[in-house]
There are 2 protein chains.
Amino acid sequence: MTHDEAKGNAMTGILSGILPVAPTPFHDDGRLDADGMRRVIDCMVDQGVDAICILANYSEQFVLSDEERALLMRLCLDHAASRVPVIVTISHFSTDIVVSRARAAAALGASMVMMMPPYHGVGLQPAPQGIFEHFRAVNDAIAIPVMVQDAPLSGVQMPVELLARLARELENVSYFKIETPFAADKLAALIAAGGDRIKGPFDGEEAVTLLADLDAGATGTMTSALFPERIRPIVMDYRAGRLDAAFDGWRRCLPLINHENRQCGLRAAKTVFAAGGVIGSDHVRHPLKPMSERIRERLLWLAREADVLALRWGK
Amino acid sequence: MTHDEAKGNAMTGILSGILPVAPTPFHDDGRLDADGMRRVIDCMVDQGVDAICILANYSEQFVLSDEERALLMRLCLDHAASRVPVIVTISHFSTDIVVSRARAAAALGASMVMMMPPYHGVGLQPAPQGIFEHFRAVNDAIAIPVMVQDAPLSGVQMPVELLARLARELENVSYFKIETPFAADKLAALIAAGGDRIKGPFDGEEAVTLLADLDAGATGTMTSALFPERIRPIVMDYRAGRLDAAFDGWRRCLPLINHENRQCGLRAAKTVFAAGGVIGSDHVRHPLKPMSERIRERLLWLAREADVLALRWGK
């Protein structure tokens, strides 16, 4: 299946394939790099992504002020224009704040919003009904799809029954990125429980669990921006029934995927984008720290070995 | 010791006694109630508190936008004027943001800032050196004391050695509110390790552990604003050697303290302040929920039984 064939998905209005997270570039002194942000979007368009997700955890959303979030949202939506759909992450503990972020994103042209359940620190979280109402408030405020991010960072357990209820009762809540342990079994159970209300069962976590998640029925993945041009064909091959090609592709990608997921985290994409001239600095805001030189050297070696587009994009 | 005698502490520039957290009042529709905020400050001044802490967890800081935080900080510092010292909570995962919040608080006349170590969700936290640098950046940016809030909500373990290092190496980091399990033993160990660099070893958690914390050397407590006029004498009696009076006072307060700490949380002060006409509504922002009617009735009964000032303040 070519990229053009795959775009058939767009006809149905359902996003699938690969929807990676854009890193948020900073200058060496920590200021936002607005030009760098535009170049990140341009590079990701060239990577052939199906959509771009902004302001996610891999965008360092937890070190941004409200003002910076608003600025980045506007800048990214403007700059992506209609070249590629943009998914805006809106998570916040406050239901009112998450609703106002959702409204702002929809008004500026976002194609989808993504959110975690409400959480703060360790243990501050509502009962299941409060979680449901939090999503319902967003659902009722906008007319674009909502992706539920089910990730361990929130500390909130969302059983399949709750996720399926969200899908059944809230028309816009139709995408689910499952990043919990044993993600594939949860995806399969969710698809069984939610049926065609689950429009986008998604893999996450840099694709470390991609093969099993595709087996379970995932229709796409939300990785980082590190090398979606190499991961997207795995999804396309799998969904077109070319299982051997999908498996070979995943196996080729895994050394870099694992190095990113377990050693680098959100720093991997920034470091490769900086090395490739997409952005000027791979600075992460304190208290995050640069990766060690040994981890960085291995990352760049693996990226060269995988012939990653971002590594030559700005050269 | 009378209130005037106790104010001798102010001469040394060291805060002790009771520094309660101001609740953040909202209207029934969730909007900030600025007039109510001023009345909360006025009521707390009448309660005879030694300082007022704003924007803390019991102020629902996690449901406020950046803009609302800035507005509340300015309003509270203006309105408290020089009647009572104000402590501004500045916690944020980003070191740059916490530094800019600290600078803004100091510039507007805060007497102290309070902060937790950097945390986000479950498990996103720096190594001890990153925590140290986070506090050092604040220490270096301002010339007022910093209170370290050591609370389970952050999910960050801060061993006594790290807290003592903060106290030894960072001149402004000199107050410590310990709310972890077995707080008294941690306070005693911290005082032993940090010596006179620990200018304010504090009890927290609504005073559920106050007696043992005073035994361990605590010089004060940071409770809610529910009834500091009843809890402050416990601290004063204890520190003046009137141990029987302190014990009797604590025993009289405990039913309400425990009901607040274990059944109501931050909602207790709001509900009593609303019942007493200090504020117009005890609304908490979603996904927080009102307490059940049964819990509320018992709270008000206990507050009447303890003859709480806030319950008659606005009448």
Side-chain angles (χ1 to χ4, degrees), chain A residues 24 26 29-32 57 60-70 91-101 116-138 149 151-157 265-266 283-290, chain B residues 24 26 29-32 57 60-70 91-101 116-138 149 151-157 265-266 283-290:
Chain A
T24 304
F26 303 117
D29 62 4
R31 282 176 303 118
L32 277 185
N57 292 321
E60 289 168 84
Q61 58 90 5
F62 35 75
V63 291
L64 300 174
S65 68
D66 289 352
E67 194 181 352
E68 288 173 329
R69 291 181 80 101
S91 306
H92 195 282
F93 185 80
S94 159
T95 304
D96 284 346
I97 291 177
V98 88
V99 164
S100 74
R101 287 181 178 178
M116 288 194 275
Y119 67 96
H120 184 86
V122 175
L124 185 58
Q125 52 178 263
Q129 181 60 20
I131 297 173
F132 177 81
E133 291 166 3
H134 190 77
F135 282 98
R136 185 177 63 194
V138 171
Q149 180 180 5
L153 181 68
S154 74
V156 178
Q157 302 286 332
L266 61 88
H283 181 83
V284 290
R285 284 184 172 174
H286 199 275
L288 301 180
K289 300 266 196 170
Chain B
T24 304
F26 303 116
D29 62 4
R31 283 176 303 117
L32 277 185
N57 292 322
E60 290 169 83
Q61 59 89 9
F62 34 75
V63 290
L64 299 174
S65 68
D66 289 353
E67 193 180 352
E68 289 173 327
R69 292 181 79 100
S91 306
H92 195 281
F93 186 80
S94 159
T95 303
D96 283 347
I97 291 177
V98 88
V99 163
S100 74
R101 288 181 177 177
M116 288 193 274
Y119 66 96
H120 184 85
V122 174
L124 185 58
Q125 53 177 264
Q129 181 60 21
I131 298 173
F132 178 81
E133 292 165 2
H134 191 78
F135 281 99
R136 185 176 62 195
V138 171
Q149 181 180 5
L153 181 69
S154 73
V156 178
Q157 301 288 331
L266 61 88
H283 181 85
V284 290
R285 283 185 171 173
H286 199 274
L288 300 180
K289 299 267 196 171

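Here the structure is a predicted model, which means the values were calculated and not measured. Residue numbers begin at 1 in each chain, while the letters A, B, ... track the order of the sequences.
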| said: Can you tell me which portion of B:Tyr119 sits under 4.5 Å from chain A's heavy atoms? Options are side chain, backbone, both or neither. | reply: side chain

| field | Residue pairs passing the salt bridge (charged side-chain N to carboxylate O under 4.0 Å, His left out) test where at least one lies in residues 129-138 of chain A, sequence neighbours excluded | value | A:Glu133-B:Lys289

| said: Heavy-atom pairs under 4.5 Å with chain B - which of A:Gly265, A:Gly121, A:Ala137, A:Gly155 has more of them than the others? | reply: A:Gly121

| remark: Ranking B:Val98, B:Val156, B:Leu124, B:Asp66 by heavy-atom pairs under 4.5 Å to chain A gives rank one to B:Asp66

| Residues two or more places apart in sequence or in another chain: which of them pass side-chain contact (heavy atoms from CB on, under 4.5 Å) with A:Ser91? | A:Thr89, A:Met115, A:Met116

| query | Non-hydrogen atoms of chain A under 4.5 Å away: do they reach the side chain of B:Leu64, the backbone, both or neither? | reply | backbone

| task | Can you label the angle between the B:Phe93 ring and the A:Phe62 ring as parallel, tilted or perpendicular, going by 30° and 60°? | result | perpendicular

| Contact part of B:Ile97 toward chain A, heavy-atom cut-off under 4.5 Å: side chain, backbone, both or neither? | side chain

| task | Write down the atom of B:Thr95, the atom of A:His286, and the distance for their closest heavy-atom approach. | result | OG1-ND1, 2.6 Å

| query | Is it true that B:Arg31 and A:Asp96 have a side-chain N and a carboxylate O under 4.0 angstrom from each other? | reply | no

| A:His92 versus chain B, the contacting section by heavy-atom distance below 4.5 Å | side chain

| said: Quick check on the interface: out of A:Ser154, A:Gly123, A:Ser65, A:Pro152, who has the most heavy-atom pairs with chain B under 4.5 Å? | reply: A:Ser65

| said: Test your reading of the model: is there a side-chain donor-acceptor pair from A:Glu68 to the backbone of A:Leu32, 3.5 Å cut-off? | reply: no

